[in-house]
Amino acid sequence: ISIQQLTKIYRTEEVETTALQGVSFSVAPGEFVSIMGPSGCGKSTLLNVLGLLDQPEEGSYVFNGTELLGLGERERSRFRKHNIGFVFQSFNLIDELTVYENVELPLIYAGVAAPERKTRVAAMLQRMNLSHRSGHFPQQLSGGQQQRVAVGRALINRPNLILADEPTGNLDSSNGNEVMDILCELNEGGTTIVMVTHSSHDASFSKRIVYMKDGQIVTEKLS
Ligand code: ADP
Ligand code: ADP
């Protein structure tokens, strides 16, 4: 990932907020980077731009040699499906679907045939230590289990990049550590991870910490 001079401005009737102000940075394949900084400094906006959920006014975003800014909605959506897994603080699971169905959903969207879906979902549930919960609904699970379902869903399409926004924000420390262990394991397997976090403990699992303030990157630290 190479981003250059990203600027993102949110305009409402009364106010104009510059959420990103000339942000530049790179992420090498296989890196695990944390983004930290005070509330409102632009961390989520940056993550949303990396995930093509949000479009900046200016700048460049090159992913595996391809410029992504300026793609149309169809291509953006295709890029997300094939390359990116999202993990959110609030899990964003579908309460009406079982654990199995939540993890299966991205495969259905991607057009994967039923027999292969079955094999891949079963393997993923096993990997997330959730096989015994396959038929349960999200509300029947602990927070840590729900986040493991969300991680399984994020991974099922084998993305190159995981974008995690406060993945342990709603978890107690034991469930939080469980989720961090999974992220570390993934990273050791070669998946690139960019994670926004308020927790120095969580950031200490990553190898590099980028600090933001007022829409800019102010400093970096290798851990
Ligand atoms: P962080 O994740 O670091 O807390 P955000 O990226 O969420 O920061 O927000 C950066 C700034 O942009 C904040 O001032 C926030 O109020 C503003 N902002 C974020 N999203 C929107 C939006 N959809 N509309 C207007 N302003 C927004
Ligand atoms: P399509 O419109 O072709 O179904 P989407 O743009 O809705 O594709 O989504 C593609 C992928 O990007 C989804 O699998 C989803 O994980 C992710 N995604 C897109 N938008 C969001 C969002 N607002 N919140 C969470 N994930 C999203």
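Atoms within each ligand, like the ligands themselves, are counted from 1 in listed order. All residue numbers refer to positions in the sequence shown, counting from 1.
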Is any heavy atom of the protein nearer than 4.0 Å to atom 15 (C) of ligand 1? no

Any idea which protein heavy atom is nearest atom 7 (O) of ligand 1, and the distance to it? Ser44 CB, 3.8 Å

Can you check whether a protein heavy atom sits less than 4.0 angstrom from atom 1 (P) of ligand 1? yes

Would you check, one step at a time, whether the test side-chain hydrogen bond (donor to acceptor under 3.5 Å, both in side chains) holds for Asp95 with Gln139? CA-CA 7 Å; Asp95 288 335; Gln139 297 307 322; 3.0 Å; yes

Pick one: which of Thr45, Val218, Leu46 meets side-chain contact (heavy atoms from CB on, under 4.5 Å) with Met212? Leu46

Determine whether Arg80 and Glu73 satisfy the following criterion, salt bridge (Lys or Arg N to Asp or Glu O under 4.0 Å), listing intermediate values before the conclusion. CA-CA 10 Å; Arg80 279 197 295 269; Glu73 189 47 50; 3.3 Å; yes

Give the atoms of ligand 1, by number and element, whose distance to some non-hydrogen atom of Thr17 is under 4.0 Å. 11 (C), 12 (O), 14 (O), 17 (C)

Enumerated ligand 1 atoms positioned under 4.0 Å from heavy atoms of Cys41: 1 (P), 3 (O), 8 (O)

Sole candidate of Leu50, Leu163, Leu52, Asn157 that passes side-chain contact (heavy atoms from CB on, under 4.5 Å) when paired with Ile84: Leu163

Under 3.5 Å side-chain donor-acceptor pair for Asn160 and His82: no

In the protein, what heavy atom is nearest to atom 10 (C) of ligand 1, and what distance, to one decimal place, separates them? Gly40 O, 3.3 Å

Starting from atom 22 (C) of ligand 1, locate the nearest protein heavy atom and write down its residue, its atom name and how far away it is, to 0.1 Å. Tyr10 CD2, 3.4 Å

Kindly assign one of parallel, tilted or perpendicular to the pair Tyr61 and Phe63, based on the angle between their ring planes and the thresholds 30° and 60°. perpendicular

Flag yes if more than 12 heavy atoms outside Lys213 fall under 6.0 Å of its NZ atom; otherwise flag no. no

Return each pair, listed once, that meets salt bridge (charged side-chain N to carboxylate O under 4.0 Å, His left out) where at least one residue sits in residues 39-68; pairs must be two or more places apart or across chains. Lys8-Asp54

Which residue owns the protein heavy atom closest to atom 5 (P) of ligand 1, what's the atom, and how far is it? Thr45 OG1, 3.7 Å

Within ligand 1, which atoms have a heavy atom of Pro38 less than 4.0 Å away? 3 (O)

Atom 12 (O) of ligand 1: nearest protein contact (heavy atom, Å): Ala19 CB, 3.5 Å

Shortest protein contact, atom 8 (O) of ligand 1 (heavy atom only): Gly42 N, 3.1 Å

